[in-house]
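See structure below.
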There are 4 protein chains.
Amino acid sequence: MSENDFIIEQIFDNENFTEKQKKIIEAAIELFSEKGYASTSTSEIAKKAGVAEGTIFRHYKTKKELLMSIVMPLITKLVGPIVVNDFNKVLDRPYDHIEDFLRATIENRRAVLKKLLPVIKIVLQEIPFQVELKEHIIEQFAEKIFGLFVNKIKFYQEKGQLIDMPPNSIARLMLTNILGYLFSRYILFPNFEWDDELETERTLQTILHGLSPKE
Amino acid sequence: MSENDFIIEQIFDNENFTEKQKKIIEAAIELFSEKGYASTSTSEIAKKAGVAEGTIFRHYKTKKELLMSIVMPLITKLVGPIVVNDFNKVLDRPYDHIEDFLRATIENRRAVLKKLLPVIKIVLQEIPFQVELKEHIIEQFAEKIFGLFVNKIKFYQEKGQLIDMPPNSIARLMLTNILGYLFSRYILFPNFEWDDELETERTLQTILHGLSPKE
Amino acid sequence: MSENDFIIEQIFDNENFTEKQKKIIEAAIELFSEKGYASTSTSEIAKKAGVAEGTIFRHYKTKKELLMSIVMPLITKLVGPIVVNDFNKVLDRPYDHIEDFLRATIENRRAVLKKLLPVIKIVLQEIPFQVELKEHIIEQFAEKIFGLFVNKIKFYQEKGQLIDMPPNSIARLMLTNILGYLFSRYILFPNFEWDDELETERTLQTILHGLSPKE
Amino acid sequence: MSENDFIIEQIFDNENFTEKQKKIIEAAIELFSEKGYASTSTSEIAKKAGVAEGTIFRHYKTKKELLMSIVMPLITKLVGPIVVNDFNKVLDRPYDHIEDFLRATIENRRAVLKKLLPVIKIVLQEIPFQVELKEHIIEQFAEKIFGLFVNKIKFYQEKGQLIDMPPNSIARLMLTNILGYLFSRYILFPNFEWDDELETERTLQTILHGLSPKE
DNA sequence: GATGAATGAGTGTTCATTCAT
DNA sequence: GATGAATGAACACTCATTCAT
């Protein structure tokens with residue numbers, strides 16, 4: 001099973017696609033991610049997928065619908081399955097110390113990012129141009145994930161492991177550091193040589209130093 | 001003088017453009033920034049600029065050359081004029097305390113970002129697809145700015161104001177927090193209500209807490 | 001039983017269609033008549049008929065064959081059943097006076113036109129483009145109906161009720177007036193308010209005045 | 001100068017087209033008239049006109065706009081120039097006897113029909129599908145021409161040359177006979193052998209007999 | 001007999017680019 | 001320097017038709 005098959009399985013878990021439809025999605029993900037949505041033609045997708053151009057439009061009314069069919073469920077899946085099954089495990093497991101919680105969070109997000117990299121790239125590219133996508137993300141992410149995150153923060157604040165700053169701001173700063181690191185690592189400069197363990201640890205320690213109460 | 005005129009002045013300082021050429025650049029910046037490079041047609045640009053379609057190609061051999069002519073000098077200017085004139089002032093002025101240096105840096109970057117927002121959006125969009133652009137950025141930014149920044153860090157490390165961590169990593173973490181904040185503030189969620197002063201201060205304190213030696 | 005069912009019955013009297021086939025014909029008549037043959041797609045027909053696209057082609061090798069299967073028997077039926085059963089009754093019944101003959105003819109044609117309006121519209125549209133159709137019409141109509149009509153004219157000429165003009169020309173003039181009236185009434189301006197009885201009478205009188213011998 | 005050039009001149013009198021644009025219109029008229037609007041592709045038009053397909057769309061935003069640009073001014077021209085210059089001459093010249101008026105009218109319409117046959121065919125084909133066209137025709141024709149015609153009829157009624165029937169009905173009957181004849185002659189059966197002079201005269205006499213007061 | 005996924009040629013239209021004026 | 005008509009390849013999308021199930 002190819003890497004792309006895996007992505008498709010992750011994003012469209014239970015749906016049963018025909019073989020051709022899978023090929024189309026695979027090809028679309030690869031091309032959108034490499035050349036961008038607007039610069040990828042449906043004929044290229046058809047060619048790469050090994051299907052007739054008409055076949056694409058039997059399954060998706062428009063090119064945009066194809067994009068959305070790939071990109072919208074990803075969001076749900078980033079908050080849903082992987083999140084419910086993985087991320088929530090992280091959030092719910094009673095890590096006694098915030099350091100362990102953060103480390104688990106980083107590793108979890110890193111795993112997701114690595115697995116779904118091409119589709120995530122597409123999402124990032126299209127956010128500015130697809131209003132529905134942006135709204136869907138804000139809805140799903142901001143309201144669900146951010147909320148859970150904020151709760152965790154309150155939890156550790158009560159335990160005296162985090163400074164007394166509005167949880168929203170703490171959340172923003174933590175996410176900035178975690179996502180900023182992962183973004184630099186996997187999207188901006190994937191080709192640099194990174195000492196992952198070390199850099200993760202440094203990010204982690206900076207967050208902890210920065211947001212722990214003075215002892 | 002319009003805002004766009006200002007951008008053009010900033011990016012293409014000494015070059016003397018005809019009025020038509022200015023209009024073309026203005027229109028291109030606006031459209032590329034709104035709809036993306038690939039989704040903007042040269043005829044749209046011509047129409048918005050109030051010139052004939054052919055006129056664009058008199059000044060720029062191809063559509064891509066027009067893009068590059070806008071986007072490449074920006075990079076130089078982010079490192080050059082504004083940088084030499086503004087940013088370096090920041091870097092060179094002997095701020096006694098790192099806190100003042102960081103605060104000045106944030107404010108300086110914020111100012112640049114606000115001024116050049118449309119062009120910066122274009123750059124961010126096109127980085128993944130324009131190899132030369134990406135290389136130019138890494139060259140200019142990574143090597144020049146990052147170097148200067150690393151020197152400053154060493155300077156404050158010697159003064160005992162920063163923890164003993166490889167300056168590269170410190171730089172990465174500082175930039176992650178500063179740029180992550182500005183990016184969230186001005187590009188991702190420009191429409192949210194931000195208490196700029198407060199949020200800036202929190203970002204700043206987090207960096208300082210996170211990267212200062214334990215007292 | 002719907003109006004369409006009636007049309008189908010009229011045109012394809014003895015043939016026994018499956019339910020699906022009937023639905024296809026019904027849908028085709030409606031769509032061809034509304035949007036024209038060339039502008040109606042087989043998928044539209046399938047959708048409106050509630051069958052799969054393939055089903056159409058199980059019954060008709062091509063889209064054109066579907067058109068012809070609707071349009072050709074109409075011609076035969078205009079000359080055949082309705083004609084043999086209705087029109088000929090008119091022609092054969094020994095109306096003593098031409099006025100009665102003409103009045104009966106108009107009413108008979110009016111009834112046919114009203115019943116089969118959608119299919120007749122299709123025929124009129126396609127005559128210029130379907131050579132076989134045109135030929136079929138000329139064959140059936142010109143040779144059979146026109147012949148019968150001419151005989152009737154001779155009959156009334158002998159009775160001294162029609163002027164001495166070549167029967168062909170008289171036929172043409174009568175048909176022009178009758179069909180011209182019906183065409184204006186039901187196809188060109190069906191939405192105007194017509195006083196049918198009055199206008200019929202006027203048409204009739206004009207023909208009679210125009211073609212009766214001077215008294 | 002070709003026959004088509006003449007049509008173009010007649011319909012688009014003063015407009016100055018480029019050579020290519022003329023070729024496009026010419027090709028479009030010929031093809032629309034032969035195969036119907038819906039069955040003619042823009043690529044065919046381009047090929048026949050000897051221009052690139054893009055050239056068509058430089059002059060006409062859509063295929064439909066091309067159709068309308070041909071078909072709408074025809075209506076105006078049937079009522080306008082040819083009408084104002086020719087038809088009105090007929091209507092205004094004080095023919096003492098209605099017979100002369102009708103004969104002149106038939107000959108005038110015949111001339112127009114012969115000249116503009118291809119475009120008139122297109123109009124007739126598209127009336128059922130182009131609402132604007134139908135409305136334009138009713139507006140222009142029904143209101144302007146029909147009005148003039150009705151006035152003439154009143155004039156001859158007063159002179160005692162026409163029976164006492166509502167002028168509208170007389171107009172309808174006259175037009176039915178004139179147009180019915182011309183339509184049969186030039187559109188339905190242009191290939192039959194017609195003795196034009198004779199058939200015209202018969203049509204004329206029928207109208208006169210039919211609509212003259214009993215002597 | 002009926003389905004509907006699949007096809008690939010063809011559709012109207014847009015595109016970046018050229019070039020004579 | 002500026003124009004805008006012209007290009008033809010490419011575009012997203014539709015079509016009538018086929019065929020395995």
Side-chain angles (χ1 to χ4, degrees), chain A residues 17-21 23-24 38-47 49-66, chain B residues 17-21 23-24 38-47 49-66, chain C residues 17-21 23-24 38-47 49-66, chain D residues 17-21 23-24 38-47 49-66:
Chain A
F17 291 137
T18 66
E19 207 49 47
K20 302 249 170 193
Q21 199 166 357
K23 292 270 185 204
I24 290 168
S39 300
T40 301
S41 73
T42 50
S43 80
E44 271 177 297
I45 296 171
K47 207 156 140 199
V51 304
E53 210 169 341
T55 307
I56 294 176
F57 291 94
R58 173 154 297 277
H59 294 289
Y60 306 93
K61 271 206 287 292
T62 62
K63 186 186 165 193
K64 192 165 176 177
E65 196 182 296
L66 171 58
Chain B
F17 292 138
T18 67
E19 207 49 47
K20 302 243 170 199
Q21 200 165 358
K23 291 272 185 204
I24 290 168
S39 300
T40 301
S41 72
T42 49
S43 78
E44 269 178 296
I45 297 171
K47 202 159 139 199
V51 304
E53 295 191 44
T55 308
I56 294 175
F57 291 91
R58 175 149 301 283
H59 293 289
Y60 306 93
K61 266 209 290 293
T62 64
K63 186 188 168 193
K64 193 164 176 177
E65 197 182 296
L66 170 59
Chain C
F17 292 138
T18 68
E19 208 48 47
K20 301 245 169 197
Q21 199 166 356
K23 290 271 183 203
I24 289 168
S39 300
T40 300
S41 72
T42 49
S43 78
E44 268 178 299
I45 297 171
K47 204 158 135 199
V51 304
E53 294 191 43
T55 308
I56 293 176
F57 291 91
R58 178 150 299 281
H59 294 289
Y60 306 93
K61 268 210 289 295
T62 64
K63 185 187 167 193
K64 192 163 175 177
E65 198 183 295
L66 170 58
Chain D
F17 291 138
T18 66
E19 208 48 48
K20 303 247 169 195
Q21 200 166 355
K23 291 271 185 202
I24 290 168
S39 301
T40 301
S41 73
T42 49
S43 78
E44 272 176 296
I45 297 171
K47 207 156 139 198
V51 304
E53 211 170 339
T55 306
I56 294 175
F57 291 92
R58 173 151 299 279
H59 295 290
Y60 306 93
K61 270 206 286 293
T62 63
K63 185 187 165 193
K64 192 165 175 175
E65 197 180 297
L66 171 57

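Computed over heavy atoms, backbone and side chain alike; hydrogens, waters and symmetry mates excluded. Lettering of chains follows the sequences in order, A, B, ..., and the numbering in each one begins at 1.
Minimum heavy-atom separation, Ile56(B) to Ala46(B): CD1-N, 3.7 Å.
Following rounding to the nearest Å, Gln21(D) (CD) and dG4(F) (P) show an atom-to-atom distance of 15 Å. Per the geometry, CZ belonging to Phe57(A) stands 15 Å off C1' belonging to dA9(E), to the nearest Å. Between the P atom of dA16(F) and the CG atom of Leu66(C) lies a distance of 11 Å, rounded to the nearest Å. Remark: C1' of dA20(E) and NZ of Lys20(D) are 12 Å apart, rounded to the nearest angstrom. Note: NZ (Lys61(C)) to P (dG1(E)) measures 14 Å, nearest angstrom. Straight-line distance from the NE2 atom of His59(C) to the P atom of dT18(F): 15 Å, rounded to whole Å. Distance CD1 (Ile56(B)) to C1' (dC19(E)): 16 Å, rounded to an integer number of Å. The interatomic distance linking Lys63(B) (NZ) with dT14(E) (P) rounds to 15 Å, in whole Å.
Using a 4.0 Å heavy-atom criterion, one finds that Thr42(D) contacts the bases of the nucleic acid, with or without backbone contacts as well. Backbone-only contact: Ser41(A) has heavy atoms under 4.0 Å from sugar-phosphate atoms and none from a base. Note on Glu53(D): a base of the nucleic acid sits closer than 4.0 angstrom, heavy atoms only. Looking at heavy-atom distances under 4.0 Å, Thr40(A) makes contact with sugar-phosphate atoms alone, never a base.
Of the nucleotides present, dT3(F) is the one that pairs with dA20(E) by Watson-Crick or G-U wobble criteria, both distances under 3.5 Å. Nucleotide dG8(E) is matched to dC15(F) when pairs are restricted to Watson-Crick or G-U wobble geometry with both distances under 3.5 angstrom.
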Take Thr42(A) and Glu53(A) through the side-chain hydrogen bond (donor to acceptor under 3.5 Å, both in side chains) test and state the conclusion after the steps. CA-CA 7 Å; Thr42(A) 50; Glu53(A) 210 169 341; 2.9 Å; yes
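Look at Thr55(B) and you'll find a side-chain N or O under 4.0 angstrom from OP1 or OP2 of dT3(F).
To the nearest 0.5 Å, the span separating NZ on Lys63(A) from CD on Glu65(A) amounts to 14.0 Å. We find the CZ-OG1 distance between Arg58(C) and Thr18(C) to be 11.5 Å, quoted to the nearest 0.5 Å.
DNA chain E is contacted by both Ala52(C) and Val51(A); Ala52(C) maps to the nucleotide lying nearer its 5′ end (nearest heavy atom per residue). Nearest-nucleotide mapping onto DNA chain E: of Gly54(A) and Ser39(D), the residue sitting toward the 5' end is Gly54(A). In terms of position on DNA chain F, the residue among Ser43(A) and Arg58(B) whose nearest nucleotide sits closer to the 5' end is Arg58(B).
Residue Lys23(B) qualifies as open at atom NZ: its count of foreign heavy atoms under 6.0 Å is 12 or below.
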